[in-house]
J.: 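Here it is: the structure, laid out below.
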Amino acid sequence: MKYNFNDIEAKWQKYWAENQTFKAENKSDKPKYYVLDMFPYPSGAGLHVGHPLGYIASDIYARYKRHQGFNVLHPQGYDSFGLPAEQYAIQTGQHPAITTAENIKTYRRQLDQIGFSFDWSREVRTSDPNYYKWTQWIFIQLFNSWYCKDHEKAFDIKDLINVFEESGNANINAVCDNDTEAFTAEEWRNFSSEEQQEILLQYRLTYLAETEVNWCPALGTVLANDEIVNGVSERGSHPVIRKKMTQWSMRISAYAERLLQGLDTIDWTDSLKESQRNWIGKSVGAQVKFKVVSNEVKEAAEIEVFTTRPDTIFGVSFMTLAPEHDLVQQITTPEQKDEVDAYIEATAKRSERDRMADVKTISGVFTGAYAIHPFTEKLIPIWIGDYVLAGYGTGAVMSVPCGDERDYAFAKHFNIPIPNIFEGVDISEEAFSDKEKTVIGNSDFLNGLNYKKATKRAIYELEKIGQGEGKTNYRLRDAVFSRQRYWGEPFPVYYVNGMPQMIDVEHLPIKLPEVEKYLPTETGEPPLGNATVWAWDTEKNEVVSNYLIDNETIHPLELNTMPGWAGSSWYFNRYMDANNENEFASKEALDYWQDVDLYIGGSEHATGHLLYSRFWQKFLFDKGVVPKDEYAKKLINQGMILGNSAKIKSLLVGLPYNKNNVPEIHPIKARMSFYSKNLLPDSNDWFKDEKIENEIINVILKDIPDNFDKIFGKDNPIANQLKGKQEPEIIKFLKGNLVFNHISIHVDVNMIDGNDKLNIDKFLEWRKEHKWAIYHYENDNDFIVSREVEKMSKRWYNVVNPDDICIKYGADSLRLYEMFLGPLEQYKPWNTAGITGVHSFLKKLWKLYADDNGLKVTDATPTKDNLKTLHKTIKKVQEDIENFSFNTSVSTFMIAANELTAQKCTSKDILEPLLVLISPYAPHIAEELWEQLGNNESISTAPFPEFDASHLVESIKNYPISFNGKMRFTMELPLDMSKDAIEEAVLANEKTQEQLAGRTPKKVIVVPGKIVNIVG
RNA sequence: GCUCAAGUGGCGGAAUUGGUAGACGCGCUGGAUUCAAAAUCCAGUUUCUUCGGAAGUGUGGGUUCGAUUCCCACCUUGAGUACCA
């Protein structure tokens, strides 16, 4: 019998599928255990070896829990709405549903091949109408809810309407928009229906409002804060600008405090909790009102500021408003108007990125207006400055230069006085901001108080005169929920007189309409604007043609779609009852499964998915839909598997791009790589060789003028001058202006051999596809290869496909090797060569059970050594699984196999339980040998072997004998020997005397069972 | 700048409460088998060494009989975040 892993793996994968081995029941006498993976977005590229890492870990745990007698729910599905399928649709016209279905097929094949124990009967796809029906349903629930601060809970909007009818909004502590105005019950009743709806939108947990959003022109859509990285879009790195738009938003800010508190109740990694805490950004302080004096302001204007240091209020020597602050125009004096306007214009021009990059430059303008200090009634000049952000707090600060570094720098720069209000502190050089050491002075009633007491007192005094109150501020913003895209969940919303109306839940799902093209319409509406059947008939309760819109019974439907995180914010609940057509999930299923016991996924979702999903869970909990307000008890982040990329030095040819007088090289897209040792050393010499220069110019000319933008890049100002010119003119221009630079460019790793030599034939073939022109290389040695470890990605050509590994070594080898690479949470590089280690372990394991003559296993009584090896292994593997230290249990298996082989063990009593230990890691080989041993049932529910400590009891210990802490030799002594006897025996040893060389030991430390240390 | 994590052979990594540093595997070296290769098996593999030993876990200090492990300072790398008042 040979270890034919391909046959064995195919056999058992088929068996598991046919017998539905891993189907979980919603009722059981066994305790439940829910192991969840973050479901994948099915991209066109398929899986690479980095993707299954977390799935393998969770699968091992799920299988382990089954061996332990749990009823395990281990589902999988697809986050199948999203940008790439849509971008592909725009390019090819292929419907995203078709692309998505194809990609899912590939994913499923690849996942099946690795032998996961998923319960596929519960598969979900966020783009499936039967699924997004309930995403729409949740949206409607959010729309029909408001948040009460007194109860810290969401309630039905009807309750709020009742309150409004009885007493207006004065006495209700609800979370609402900042600019919501007060009204009485009588006023409420006199409002028109539209006015009432508009007010209610200011309270609903999802609402339509004109807000400043992050608009990404290249993607043609808005983005949430977590979808922007370093000022550019997460996908594609396109610039993002601020823009006012009417958008759906989620009032996640209502849950800020609960999202923060909830973190203490769940077992997630500290770094992840810390990210969420930072993102929520709680700060405790006070809101203070400053009255404004200005000739320009007829009515008494007030500036509200938020501060975490109300104790320093007597140190205020100026105020600063964000340039975008609403009051700026009102309060600016005529003398200062020109200067202020110029400043506002200048800041508006700066992109988000510029502003972020440059935090050192101090800038600002005096408005000419003054505020009155609430206690001293002194006049305080009001400035504007771009270090104050419109988006945080109130967009205005009280500036205390003696206590805040930025205020200090601003005051110094503009020669504003810096009064000192700290006792015993020198502020002539820098601000003093150590709260712990603060003692207030020069501050009337705050004198002599520390930070804590002064803060309390200041708030008390402010409240007394009605000019401030204690306040907690959160950085967490409401999340924009509309996307101007096609491939997402449609909103169950139609509009009557511009006011949004929810479609009754019984008519859900509202299916995504067909469109001719997936781009925005000519009038700039989202892609759904292209749909011809996209209006709501309120009588027939169905979607009908747009042409029928009469705004009486037939109304337009919402054209935006939901963002990617909508579907992923609740899918873990759907798995509990995935095929339920009548409910989100049945109460029985929800009550049985409760929540996720173990969730494994990437840390990149820390402030996106993992925050939004906690928000929705808390909301659904408030509504009594789900039984837990945190959905995942424990969460582990698997680290990324990094690829090994190869680069070769290459020459980049470009045109100078003069922006801000910075010479840059814009790459010519048909990259020109060439190689010659002679040409590399000094770039200045490169183009003295006219022959090469002419060759390059010829290549450029070949593509001009048809692909002008493609070659030079869009809007290259210098290249633009060339458009439409005759060839000789272009040549003349190119000769004078080409810029050359040499850089390293990624090439396919498969073209590089083990000695970092480039395979020229493969490379010449490959570069054709990648539009590289090669000039002037003399021999293979001209190509200098460098290596880099980085993220596995198609664009770095360093992707390793699990399919190839499965064919060559088998899924069990892949599973073991992924675990063997290192700790689960750690980032680690992939190196396919190492897989032979685990593969030969499996072969060795197989040989323990069978050889060419068939099965070797006998009924022989196990020896002491056999039992010791087995129980040592049981103990270690069990501990390892529970600590998610899967890499070390693979070593343990190797040691066990090596020992049992050396012991020539054939005993079934040893070899059978060993299979159960290995089966979570390498389930195929375990199932096969389990069957060979005569078992008829799958190994997957066989009980986990029990550890018996008695087999590990030893009578002799090999003591390390160390001198001054350094181990020098070992000595075998009985374990029951007394301390004194050990000391005597060690001192009597001739090696000890040798070490001491005649000296008397000062001290002898004996730790029985551990070590002997002689201090000499 | 701030926050967090991590620095151990040629490489991935191990060392569970402070107690034999380098488990296990890759790679490499030598050998067996083979016409040869693959596969397999055996031995060796931290460094230096006068072959007795000695040094050694980013650097410097400390606590301890004893430190990869605990404490202090610093260096390096990675991740997140950033004018948050």
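Per chain, numbering begins at 1; letters A, B, ... match sequence-line order. From a predicted model like this one, the values you see are computed outputs, not experimental measurements.
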J.: Round to the nearest Å and state the distance from A/Arg277 atom CZ to B/U81 atom P.
T.: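 Rounded to the whole Å, the gap is 16 Å.
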
J.: Show me, range against range, the stems involving RNA chain B, built from at least 3 consecutive Watson-Crick or G-U pairs below 3.5 Å.
T.: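 The stems are B:1-7 with B:75-81, B:10-12 with B:24-26, B:27-32 with B:40-45, B:46-48 with B:53-55, B:58-62 with B:70-74.
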
J.: According to a strict under-4.0 Å criterion, is A/Asn637 in side-chain N/O contact with OP1 or OP2 of B/A5?
T.: no

J.: Side-chain N or O of A/Ser283 less than 4.0 angstrom from OP1 or OP2 on B/A85?
T.: yes

J.: So which atom in A/Asp311 and which in A/Ile421 form the shortest heavy-atom distance, rounded to 0.1 Å?
T.: O-CD1, 4.4 Å

J.: Provide, to the nearest angstrom, the distance between the CZ atom belonging to A/Phe886 and the P atom belonging to B/C24.
T.: 22 Å

J.: Compare the minimum distances between each of B/A14, B/G66, B/C26 and the side chain of A/Asn1013, then state the nucleotide with the smallest one.
T.: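 Nearest nucleotide to the side chain: B/G66.
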
J.: Using whole Å, report how far NZ of A/Lys957 lies from C1' of B/G19.
T.: 9 Å

J.: Is A/Ile416 close to A/Ile418 at the side-chain level, that is, under 4.5 Å between some pair of heavy atoms?
T.: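 No - every pair of side-chain heavy atoms lies 4.5 Å or more apart.
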
J.: Quick test: give all pairs of protein nitrogen or oxygen and nucleotides 47-58 of chain B nitrogen or oxygen below 3.5 Å, distance rounded to 0.1 Å.
T.:
residue : atom : partner  : partner atom : Å
B/G56   : N7   : A/Lys966 : NZ           : 3.4

J.: How far, in whole Å, is B/U47 from B/U57 if one measures between their C1' atoms?
T.: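 Roughly 13 Å separates the two C1' atoms.
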
J.: A/Pro829 or A/Ser840: which one's nearest nucleotide on RNA chain B is closer to the 5' end?
T.: A/Pro829

J.: B/G44: syn or anti, with syn meaning chi within 90° of zero?
T.: anti

J.: A/Pro823 has a side chain; which of B/A14, B/C83, B/G12 sits nearest to it?
T.: B/A14

J.: Between A/Met398 and A/Thr888, which has a closest nucleotide on RNA chain B that is more 5'?
T.: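 The residue closer to the strand's 5' end, by nearest nucleotide, is A/Thr888.
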
J.: Tell me whether the rings of A/Phe886 and A/Tyr921 are parallel (<30°), tilted (30 to 60°) or perpendicular (>60°).
T.: perpendicular

J.: Could you state the atom-to-atom distance from CZ of A/Arg475 to P of B/C84 in whole Å?
T.: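 That distance rounds to 11 Å.
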
J.: About how many Å separate CG of A/Leu842 and NZ of A/Lys847, when rounded to the nearest 0.5 Å?
T.: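 Taking NZ in A/Lys847 and CG in A/Leu842, the distance rounds to 12.5 Å.
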
J.: Where does B/G25 land, syn or anti, once you apply the within-90°-of-0 test for syn?
T.: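 This nucleotide is in anti.
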
J.: What is the distance, to the nearest angstrom, from the CD1 atom on A/Ile835 to the C1' atom on B/G27?
T.: 16 Å

